[in-house]
Amino acid sequence: MEQMVIHLKGSYEQLDQYWKDRGITRIFLVCGKSFQKLRIKEYFAQLPEHNGINVVQFSEFTPNPVYEDMENVIQLFLDAKCDAVVAIGGGSALDIAKCIKLYATMPNDVNYLEQEIVPNDIPLIVMPTTAGTGSETTRYAVLYYQGEKQSINHLSIIPELVLMDASVLENLPMYQRKATMLDALCHAVEAFWSVNSTEESQQHSAKAIRMICDNMDGYLNNGSQENYNMLMAANYAGKAINITQTTAGHAMCYKLTSLYGISHGHAAALCDNQLWPYMLAHLDNCIDKRGKDYMMDMFDRLGKAIGGTNAVEGAQIFRKIVESLQLDIPSATDEEFQLLKISVNPVRLKNNPVGLTETGIEEMYRKMMK
């Protein structure tokens, strides 16, 4: 099914028509804390009276959803007898909603993560409130089970409808504004160099990169048009990563977030800032089946997409972007460097175009940290 996008610009007529066309009468609304400040809150508050649609609201979830949260919310969804799931928020709200969509019709007496997925026709509608994850257009969700991150991957959890509204970014704190923008940028560059990249994914990546660079200043100054353009840039980056998956930069960043309490996009940018020049210095370790010549050309094209003339200038521009945002650089002990080194998921390294060693990974961590 082709994903539908409704651009909300003060009017909800298209959304009203969507509920009617789909025969939706009872909505399970998963929303983050930011929902209370959003214009669309009033729309959902008036749905019962204006459209005869009841809304069951849920917001009791953790920033990194755990399996038990997901079990409880699925039971709430079933008890409420809702016929659609709506998520309004950042990545965690969308992750919860995707899990409801994926598992609600499956047996609850067996671990959901161990069952074969059986697709269903529950409508999933999402509205991102940050310009970062691109989760609104991907087949991925994240869940923590017994303390371990679980990456859920299934085509059926790509939302059928996305609501885009630039006003959701108006009250975004500056740190979150910077970190989510960097998340989108890292998605775009990693998708571009991934061994799984295609012509289509690289087109999405290049478009996202150009939009981020062109709109960065206005977005950081909370310009309405630039906010909208950044939402769309994150969306294109999400489309790219949906095809390619992430690479070593993301594999390296997860432990940084848990150890030092920094945002995901912040951590990913620190990693890609070291990974990009490291790969250019180790092109002989190419593991992309398309070969070293392809990879060299690919890095040059990536450099041009971000505004340089070649691969090296591209990495330099990326570094300037990261440094210009003046984000904190964590300090690490020798013990923590060893912990970081062994934390990297080798599965994600298979998507990286240049082979990495433990020594190389540790070298990059030591260069990025105080």
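- Side chains of Lys207 and His204 form no contact here, defined as non-hydrogen atoms less than 4.5 Å apart.
- Because its NZ or CZ atom is both nearer than 6.0 Å to the ring centre of Tyr228 and within 45° of the ring axis, Lys9 counts as a cation-pi partner of that residue.
- Ring geometry for Phe77 versus Phe28: interplanar angle over 60°, hence perpendicular rather than tilted (30 to 60°).
- Side chain of Gln3 to main chain of Glu136: a donor-acceptor pair is present (N/O by atom type, distance under 3.5 Å, no hydrogens or angles).
- Criterion: ILVMFWY side-chain heavy atoms under 4.5 Å apart, direct or through other members. Under it, Leu94 and Tyr140 are not part of a common hydrophobic cluster.
- Cluster membership check: Leu283 shares its hydrophobic cluster with Trp276, using side-chain heavy-atom separations under 4.5 Å among Ile, Leu, Val, Met, Phe, Trp and Tyr.
- Atom CE of Met296 is surrounded by 12 or fewer heavy atoms from other residues, nucleotides or ligands within 6.0 Å.
- Tyr67 places a side-chain N or O within donor-acceptor distance of the main-chain N or O of Tyr112, the cut-off being under 3.5 Å.
- Proximity of Gln225 to Asn229: side-chain heavy atoms (C-beta onward) are separated by under 4.5 Å at one or more points.
- No side-chain donor-acceptor contact under 3.5 Å links Asn285 to the backbone of Leu356.
- With hydrogens and angles ignored, the 3.5 Å screen pairs no side-chain donor or acceptor of Ser263 with any backbone N or O of Gly265.
- Smallest separation of non-hydrogen atoms from Asn242 and Thr138: OD1-CA, 3.4 Å.
- Panel note: side chain Asn221, backbone Gly223; no donor-acceptor pair is recorded below 3.5 Å.
- Remark: Ser34 OG to Lys41 NZ distance equals 11.5 Å, nearest 0.5 Å.
- Transitive grouping of hydrophobic side chains (ILVMFWY, heavy atoms separated by less than 4.5 Å) keeps Val30 and Ile158 in distinct clusters.
- At most 12 heavy atoms of other shown residues, nucleotides or ligands fall within 6.0 angstrom of atom CD in Glu13.
- Between Tyr254 and His250, the ring-plane angle classifies as perpendicular under the 30° and 60° cut-offs.
- Side-chain atoms of Met368 and Pro330, non-hydrogen and from C-beta on, never get closer than 4.5 Å to each other.
- Linking Ile, Leu, Val, Met, Phe, Trp and Tyr whenever their side-chain heavy atoms come within less than 4.5 Å puts Leu327 and Val189 in one cluster.
- Here the CD-OH distance, from Gln14 to Tyr18, works out to 12.5 Å after rounding to the nearest 0.5 Å.
- The closest side-chain heavy-atom distance from Leu163 to Tyr12 is not below 4.5 Å.
- Looking only at side-chain heavy atoms (C-beta outward), Asn352 and Trp193 come within less than 4.5 Å of each other.
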Output, in order, the C-alpha distance, side-chain angles, deciding distance and verdict of salt bridge (Lys or Arg N to Asp or Glu O under 4.0 Å) for Arg39 and Glu170.
-> CA-CA 11 Å; Arg39 296 174 190 171; Glu170 289 175 358; 3.0 Å; yes
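- Judged by distance alone, the side chain of Thr137 and the main-chain N or O of Gly134 form no donor-acceptor pair under 3.5 Å.
- Across all their heavy atoms, Gly360 and Tyr278 have their closest contact at CA-OH, 3.4 Å.
- Taking each heavy atom of Leu275 and Met364 in turn, the nearest pair found is CA-SD, 3.6 Å.
- Between the SG atom of Cys253 and the CD1 atom of Ile262 there is a distance of 8.5 Å, given to the nearest 0.5 Å.
- Classified by interplanar angle (parallel below 30°, tilted 30° to 60°, perpendicular above 60°), the ring pair His266/Tyr175 is perpendicular.
- Shortest non-hydrogen contact noted between Pro159 and Lys98 is CD-CE, 4.2 Å.
- Inter-residue side-chain proximity for Arg301 and Asp297 is flagged as met; some heavy-atom pair is nearer than 4.5 Å.
- Of all non-hydrogen atoms in Leu102 and Ser156, the two that sit nearest each other are CD1-OG, 3.4 Å.
- Distance check, rounded to the nearest 0.5 Å: NE2 of His187 to OG1 of Thr244 gives 9.0 Å.
- Taking every heavy atom of both residues into account, Met369 and Ala332 meet most closely at CE-CB, 3.6 Å.
- Counting heavy atoms from C-beta outward, Cys213 and Ile321 have side chains that approach closer than 4.5 Å.
- Tyr219 and Leu325 end up in the same hydrophobic cluster when Ile, Leu, Val, Met, Phe, Trp and Tyr side chains are linked at under 4.5 Å.
- Every pair passing salt bridge (Lys or Arg N to Asp or Glu O under 4.0 Å) that includes a residue from residues 279-296 is listed here, sequence neighbours excluded: Asp284-Lys292, Asp288-Arg290.
- Taking NZ from Lys255 and OH from Tyr260, the interatomic distance works out to 10.0 Å, rounded to the nearest 0.5 Å.
- A donor and an acceptor atom, one from each side chain of Tyr43 and Asp16, are located under 3.5 Å apart.
- Side-chain atoms of Glu336 come within 3.5 Å of backbone atoms of Thr333 as a donor-acceptor pair (strictly under, hydrogens ignored).
- Environment of CG in Asp328: sparse, with no more than 12 heavy atoms of neighbouring residues, nucleotides or ligands closer than 6.0 Å.
- Side chain of Asn351 to main chain of Thr247: no donor-acceptor pair is present (N/O by atom type, distance under 3.5 Å, no hydrogens or angles).
- Of the possible donor and acceptor atoms, one in the side chain of Arg26 sits under 3.5 Å from a partner among the backbone N and O of Ala80.
- Residues Gln245 and Glu190 bring no donor and acceptor atom of their side chains to less than 3.5 Å of each other.
- Side-chain contact between Gln338 and Glu362 is present, with at least one heavy-atom pair separated by less than 4.5 Å.
- In this structure, Lys341 places its NZ atom where more than 12 heavy-atom neighbours from other residues, nucleotides or ligands lie under 6.0 Å away.
- Under a 3.5 Å cut-off, the side chain of Ser205 and the backbone N or O of Ser201 do form a donor-acceptor pair.
- Atoms CG and CG, on Leu15 and Leu8 in that order, are 6.5 Å from each other to the nearest 0.5 Å.
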